[in-house]
Amino acid sequence: MDQIQHKFVKVDSLNLHIAEIGTGPNVVVFLHGFPEIWYSWRYQMIALAEAGFRAIAPDHRGYGLSDSPPQPDKANYSDILTDLLGILDALSLSKVFLVGKDFGARPAHVFSIMHPERVLGVVTLGVPYVPPGPSKYDKYFPEGFYILRWRIPGRAEADFGRFDAKTVVKNVYILFSGSELPIANENQEIMDLVEPSTPLPSWLSEEDLAEYGALYEKSGFQTALQIPYRSLGESFDLPDPILRVPSLLIMGGKDYILKFPGFEDLTKGEKAKQFATNLEITFIPEGTHFVQEQFPAQVNQLILAFLAKHT
């Protein structure tokens with residue numbers, strides 16, 4: 001971990017934090033999800049650097065050590081795409097591999113469609129490619145579904161505000177590590193779904209949690225609630241929404257996201273390759289939503305094999 005270097009890149013008047021390791025000619029850029037940060041890629045970054053790659057993991061705007069946008073309530077996925085392009089240009093990176101986890105998969109996929117000349121291949125974890133379109137969660141889930149709750153301005157802020165940042169991250173890690181969808185009762189908040197005595201997943205240490213807690217204590221959750229949850233449904237105006245660059249989807253077999261309507265087909269059926277024409281799919285049977293932290297050696301091996309194939 002001491003070998004990972006940290007610096008800032010100015011994009012769109014914001015100072016964006018970058019973690020970086022390795023000096024190889026082939027570059028891999030990691031895009032985190034929620035409630036994650038650059039740190040969630042620690043195992044992959046070190047493994048790729050040891051294999052001769054240059055690994056770069058930014059904190060998204062409003063996350064971790066990166067500046068918050070001036071109007072967090074107006075931030076959206078397009079800002080993440082702007083930031084990614086700005087980072088590549090600032091670091092003079094003409095073509096890279098992208099690795100995205102959770103909501104980081106959306107900008108990884110869309111950027112690869114918008115700028116295929118800048119992308120050698122894309123790996124995503126936990127979220128299959130779905131062509132952008134209107135959010136339909138309200139059609140499939142009750143009002144207590146966590147995404148619907150967190151889309152309501154003020155609701156999650158009040159819920160999270162009862163706890164310190166480390167406890168919020170702990171609770172979300174516990175919820176998202178399960179195989180059931182987080183759904184609260186009418187008179188219950190999402191944080192109340194976790195008993196205070198519930199232990200951390202065995203693969204996440206107290207030291208790891210402290211790292212996440214400190215970074216979210218610094219950034220808060222305002223931008224994190226806006227991107228992704230309150231920006232769902234952004235269309236991007238893609239003339240051709242098909243993903244054509246080489247792509248790999250890594251899924252945990254026990255990931256709760258598999259219970260989203262249609263995701264079974266998008267991860268196991270031929271429908272997946274209807275939208276991503278050069279797609280490989282691999283399952284880690286015991287994996288949860290945080291498969292890259294839970295089974296780092298397996299995930300590292302899968303990523304390195306993909307990179308070797310397309311370098």
Would you confirm whether [X], through its side chain, and [Y], through its main-chain N or O, come within 3.5 Å as a donor-acceptor pair?
| X | Y | value |
| --- | --- | --- |
| Q226 | D73 | yes |
| D240 | I242 | yes |
| K218 | Y63 | no |
| R54 | G24 | no |
| K259 | S179 | yes |
| D255 | I257 | yes |
| N76 | I227 | no |
| R106 | V130 | yes |
| E157 | G154 | yes |

Check whether any side-chain heavy atom of [X] lies under 4.5 Å from a side-chain heavy atom of [Y], and answer yes or no.
| X | Y | result |
| --- | --- | --- |
| I174 | P201 | yes |
| F8 | S66 | no |
| W203 | T288 | yes |
| V119 | F111 | yes |
| V28 | L307 | yes |

Checklist entry - Is the centre of the F260 ring less than 6.0 Å from the centre of the F145 ring? => result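 Yes; F145 has its ring centre under 6.0 Å from that of F260.
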
Next on the checklist: Are H60 and F103 an aromatic pair, judged by ring center distance below 6.0 Å?
Outcome noted: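 Between H60 and F103, which both carry aromatic rings, the centre distance is below 6.0 Å.
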
With no hydrogens and no angle check, do the side chains of [X] and [Y] hold a donor and an acceptor under 3.5 Å apart?
| X | Y | value |
| --- | --- | --- |
| Y212 | Y173 | yes |
| Y137 | Y146 | no |
| E36 | Q292 | yes |
| D79 | T82 | no |
| E280 | S247 | no |

Next on the checklist: I'd like to check the ring pair (Phe, Tyr, Trp, His ring centres under 6.0 Å) partners of H6; sequence neighbours left out, ordered by chain and number.
Outcome noted: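 So H6 forms a ring pair (Phe, Tyr, Trp, His ring centres under 6.0 Å) with H17, W38.
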
What closest approach, in Å, do [X] and [Y] show between heavy atoms, and which atom pair accounts for it?
| X | Y | answer |
| --- | --- | --- |
| I250 | V123 | CD1-CG1, 4.0 Å |
| L148 | D138 | CD2-N, 3.8 Å |
| P58 | I18 | CB-CD1, 3.7 Å |

Between [X] and [Y] (salt bridge meaning N to carboxylate O under 4.0 Å), is one present in this structure?
| X | Y | value |
| --- | --- | --- |
| R149 | E189 | yes |
| D12 | R61 | yes |
| K95 | E117 | no |
| D159 | R162 | yes |

Checklist entry - Can you hop from L249 to L304 via hydrophobic side chains spaced under 4.5 Å? => result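 Shared cluster, yes.
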
Next on the checklist: Suppose the criterion is salt bridge (Lys or Arg N to Asp or Glu O under 4.0 Å): which pairs have a residue in residues 204-217, not counting sequence neighbours?
Outcome noted: R42-D208

Checklist entry - What's the verdict on ring pair (Phe, Tyr, Trp, His ring centres under 6.0 Å) for F221 and W150, showing C-alpha distance, side-chain angles and the deciding distance? => result CA-CA 11 Å; F221 295 96; W150 290 351; 9.2 Å; no

Checklist entry - Should the heavy atoms of other residues, nucleotides or ligands under 6.0 Å from CD of Q3 be counted, would the total exceed 12? => result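 Check fails, neighbour count at 12 or below.
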
